Amino acid sequence: MEKILMKQIVTRFAPSPTGTLHIGGVRTALFNYVYAKQNNGKFLVRIEDTDRERSTKEYEENILNNLSSIGLEPDEKPINQSERNEIYIKAAEKIIESGNAYWCDCSQEELEQMRKEQTEAGKKPMYDGRSRNLGIERSEKTVLRLATPEDGEIIVNDLIRGEIKFNNSELDDLILLRSDGTPTYHLCNVVDDFEQNVTTVIRGEDHISNTPRQIHIQKALGYPDLEYAHLPLVLGTDKKRLSKRNAATSLEDYRKKGYLDSAILNTLARLGWSQGENEVFFLNDLIKDFNIKEVQKAGAIFDITKLDWLNSQHLAKLTLQEFKDSLKPFLEEIGIDINNHNNVDLLIDSLRTSDNNFSGIANQLYPYYKDIKEYDDNAIKKFISDNDILHDLKDILQNIDDWNEESINKALSTYQEQNNLKVPQVNQPVRIALTGKTKSPGLGLTLEIFGKEKALKRIEKML
RNA sequence: GUCCCGUUCGUCUAGAGGCCUAGGACACCGGGUUUUCAUCCCGGCAACAGGGGUUCGACUCCCCUACGGGAUGCCA
């Protein structure tokens with residue numbers, strides 16, 4: 001125990017590249033990253049691509065790229081398990097030499113039959129160790145199994161859950177090497193954690209029951225104990241584990257929609273962890289304030305409305321320049337060059353709260369850059385019965401030389417008062433003419449943003 | 001089936017036996033500001049899964065039940 005405390009903390013994120021990086025994975029990576037950083041330790045990434053069937057290079061690149069671009073940069077070059085076969089096999093040999101593993105030639109059919117019988121007898125289906133003392137020689141149909149102690153117990157000390165006990169009698173002799181000679185997940189995992197000097201395993205709670213098995217492998221290899229923290233799972237709105245079926249899970253989808261990286265991280269961190277009454281956290285805050293022991297034990301549903309709100313909070317903290325830089329690609333996406341406007345800064349600043357993500361804001365901005373796609377018919381019906389008012393206003397606006405918010409508003413209210421009209425009777429027709437709808441910043445400001453020429457053109461178009 | 005983990009407002013959570021008439025945030029509803037919208041401000045609605053203990057006292061400790069999740073693979 002003392003030894004662990006003295007060592008530099010090393011954590012790792014170990015995804016298998018069988019899909020794009022999803023937000024549950026980002027959260028696991030985030031907690032690993034933050035825990036390492038707050039302990040002046042290292043954060044590592046390991047690609048667990050031993051499942052050759054489902055792993056692809058594309059997914060691997062997606063995961064690695066997204067990870068570093070969102071700010072969770074690993075401290076060392078990620079390693080691939082697929083390239084480390086000899087290391088695992090060497091470890092397996094070491095276990096054989098120590099007498100803690102044996103070859104087993106049970107066929108798949110035999111095993112199935114065994115499980116079937118166990119299930120029917122109301123027992124837990126598990127390998128019964130029938131080949132354990134047979135002294136079977138290695139052949140092309142044998143697997144290598146770990147000889148797990150039959151009695152006693154393993155205690156997993158979890159940073160989040162405390163002590164978790166498992167009776168060894170519940171554990172069967174797991175396979176270390178497949179009949180084709182390739183190592184299995186548990187072996188690779190344990191060996192790599194040792195080889196990478198990992199001290200702390202932070203992963204999803206779906207790995208809790210794997211842990212005692214892995215500890216037995218560690219013991220057979222003479223490796224030191226590790227620290228564990230099993231995170232509660234991120235759930236979909238159906239309370240099931242978050243998957244493509246019940247929600248958008250790909251990190252990329254959220255970024256494309258225009259959510260800030262910092263807001264995504266913030267939302268994920270708040271899933272399972274909190275600190276007093278604070279809601280808004282940046283990565284640096286997390287490194288300072290996060291405490292793994294405070295993490296909740298129950299699974300948490302990922303709620304997009306919380307992301308929406310947090311995103312608006314993070315958006316509000318951006319300087320105008322930062323905001324523009326981030327918004328730019330979203331405007332390009334709908335064919336708009338952000339600088340193609342006479343009054344860019346005023347425009348963007350006025351509309352920065354018009355939605356809570358960049359793609360929504362870009363859409364709000366559309367009529368300020370391009371011709372109005374479609375007019376809100378209901379609004380026209382409601383506010384424009386005849387064109388008299390618009391005609392008058394056109395003339396009035398035409399005569400304003402000092403084209404700014406203040407003087408425009410003044411002219412507008414003078415007209416409104418003199419003709420005994422209500423404000424919406426005057427303002428809404430103009431608004432509709434300019435933007436196609438009844439929503440916009442203050443009308444004087446909106447007119448100023450459009451500029452005299454363009455504003456008048458749009459009004460004329462309505463007549 | 002067996003083993004393991006879990007269970008506070010719709011959602012994220014605070015709560016480490018009396019501070020709880022269970023607090024905050026999001027969402028929702030209502031009001032104010034802007035006589036548009038958004039922002040912002042104010043207010044409201046709303047929860048300890050159920051049952052037994054232990055205790056002077058239980059959201060907090062113990063047990064049982066229910067429900068949810070995970071494991072039980074020559075997947076990871």
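Lettering of chains follows the sequences in order, A, B, ..., and the numbering in each one begins at 1. Note that the coordinates shown come from a computational prediction; the quantities given were computed from them, not determined experimentally. All values below were derived from every heavy atom in this structure, side-chain atoms included, with hydrogens, water molecules and symmetry-related copies excluded.
Between D192(A) and R12(A), none of the side-chain N atoms (NZ, or NE/NH1/NH2) sits under 4.0 Å from a carboxylate O, so this pair counts as no salt bridge. D303(A) has no carboxylate O lying under 4.0 Å from a charged side-chain N of K306(A), or vice versa, which leaves the two without a salt bridge. Between R46(A) and D193(A) there is a salt bridge, with a side-chain nitrogen of the basic residue lying less than 4.0 Å from a carboxylate oxygen of the acidic one.
Across every strand in view, rG17(B) sits unpaired, with no contact that passes the Watson-Crick or G-U test at under 3.5 angstrom. Across all strands shown, the partner of rG30(B) is rC42(B), judged by Watson-Crick or G-U wobble contacts whose two distances both fall under 3.5 Å. Base pairing analysis places rG1(B) opposite rU72(B); the two distances defining the Watson-Crick or G-U wobble pair are each below 3.5 Å. Under the Watson-Crick or G-U wobble criterion, with both distances below 3.5 Å, rU7(B) is paired with rA66(B).
Only the P atoms considered, rC67(B) is 34 Å distant from rG24(B), to the nearest whole Å. For the P atom pair drawn from rC28(B) and rG15(B), the interatomic distance equals 27 Å after rounding to whole Å. Using atom P as the reference point in both rG17(B) and rA58(B), the two lie 14 Å apart (nearest Å). Between rU65(B) and rG1(B), the two P atoms lie 12 Å apart (nearest whole Å). Across rG68(B) and rU8(B), the matching P atoms stand 15 Å from one another, rounded to whole Å. Across rA27(B) and rC12(B), the matching C1' atoms stand 11 Å from one another, rounded to whole Å. Comparing rG43(B) with rU7(B), their P atoms sit 32 Å apart, to the nearest whole Å. Comparing the C1' positions of rC48(B) and rG6(B) gives a spacing of 15 Å, expressed to the nearest Å.
Comparing rC3(B), rC37(B), rG24(B) by their nearest atom to the side chain of E170(A) picks out rC3(B). The side chain of Q313(A) approaches rC40(B) more closely than any other nucleotide in the set rU36(B), rC40(B), rC5(B).
Rounded to whole Å, atom P of rU11(B) lies 6 Å from atom CD1 of I301(A). The distance between atom CZ of R161(A) and atom C1' of rC3(B), rounded to the nearest whole Å, is 16 Å. We find that CD1 of I160(A) is positioned 13 Å from P of rU7(B), with the value rounded to whole Å. Spacing between atom CD of Q428(A) and atom C1' of rU36(B) amounts to 4 Å, rounded to whole angstrom units. As rounded to whole Å, 18 Å separates atom P of rG6(B) from atom CG of L271(A). Here rA27(B) presents its P atom at 13 Å from CG of N311(A), a figure rounded to the nearest Å. The distance from atom NZ of K297(A) to atom P of rG6(B) is 6 Å, rounded to the nearest whole Å. With rounding to whole Å, L351(A) atom CG is found 16 Å from rU36(B) atom P.
Looking at heavy-atom distances under 4.0 Å, S274(A) makes contact with sugar-phosphate atoms alone, never a base. In this structure, G204(A) reaches neither bases nor backbone, as no heavy-atom distance under 4.0 Å exists between it and the strands shown. K422(A) comes within contact range of no nucleotide atom at all, as no heavy-atom separation falls under 4.0 Å. Counting any heavy atom pair closer than 4.0 Å across all strands shown, P232(A) reaches no nucleic acid atom. Looking at heavy-atom distances under 4.0 Å, F302(A) makes no contact with the nucleic acid at all.
The residue from R203(A), R161(A), H207(A) that alone fulfils the side chain to side chain donor-acceptor pair (under 3.5 Å) condition with H230(A) is R203(A).
Judged purely by atom type and a 3.5 angstrom limit, D158(A) has no side-chain atom pairing as donor or acceptor with the backbone of I164(A). In terms of modelled atom types and a separation under 3.5 Å, the side chain of D376(A) and the main chain of G436(A) share no donor-acceptor contact.
Ring orientation note: the planes of Y223(A) and F194(A) are close to parallel, at an angle under 30° on the 30°/60° scale.
F450(A) does not carry R458(A) over the face of its six-membered ring by the limits of under 6.0 Å from the centre and within 45° of the normal.
If you check distances only, the side chain of K306(A) does reach the base of rA25(B) with a donor-acceptor pair under 3.5 Å.
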- Reading nucleotides 62-76 of chain B 5' to 3', which nucleotides get B (base under 4.0 Å from a protein heavy atom), which S (sugar-phosphate only), which -? -------SSSSSBBB

- Going through the checks in order, is the salt bridge (charged side-chain N to carboxylate O under 4.0 Å, His left out) test met by K324(A) and D345(A)? CA-CA 8 Å; K324(A) 280 164 60 188; D345(A) 284 3; 2.6 Å; yes

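Q296(A) has a side-chain polar atom (N or O) that falls below the 4.0 Å cut-off from OP1 or OP2 of rA14(B).
Both E279(A) and T267(A) lie near RNA chain B, and the one whose nearest nucleotide falls closer to the 5' end is T267(A).
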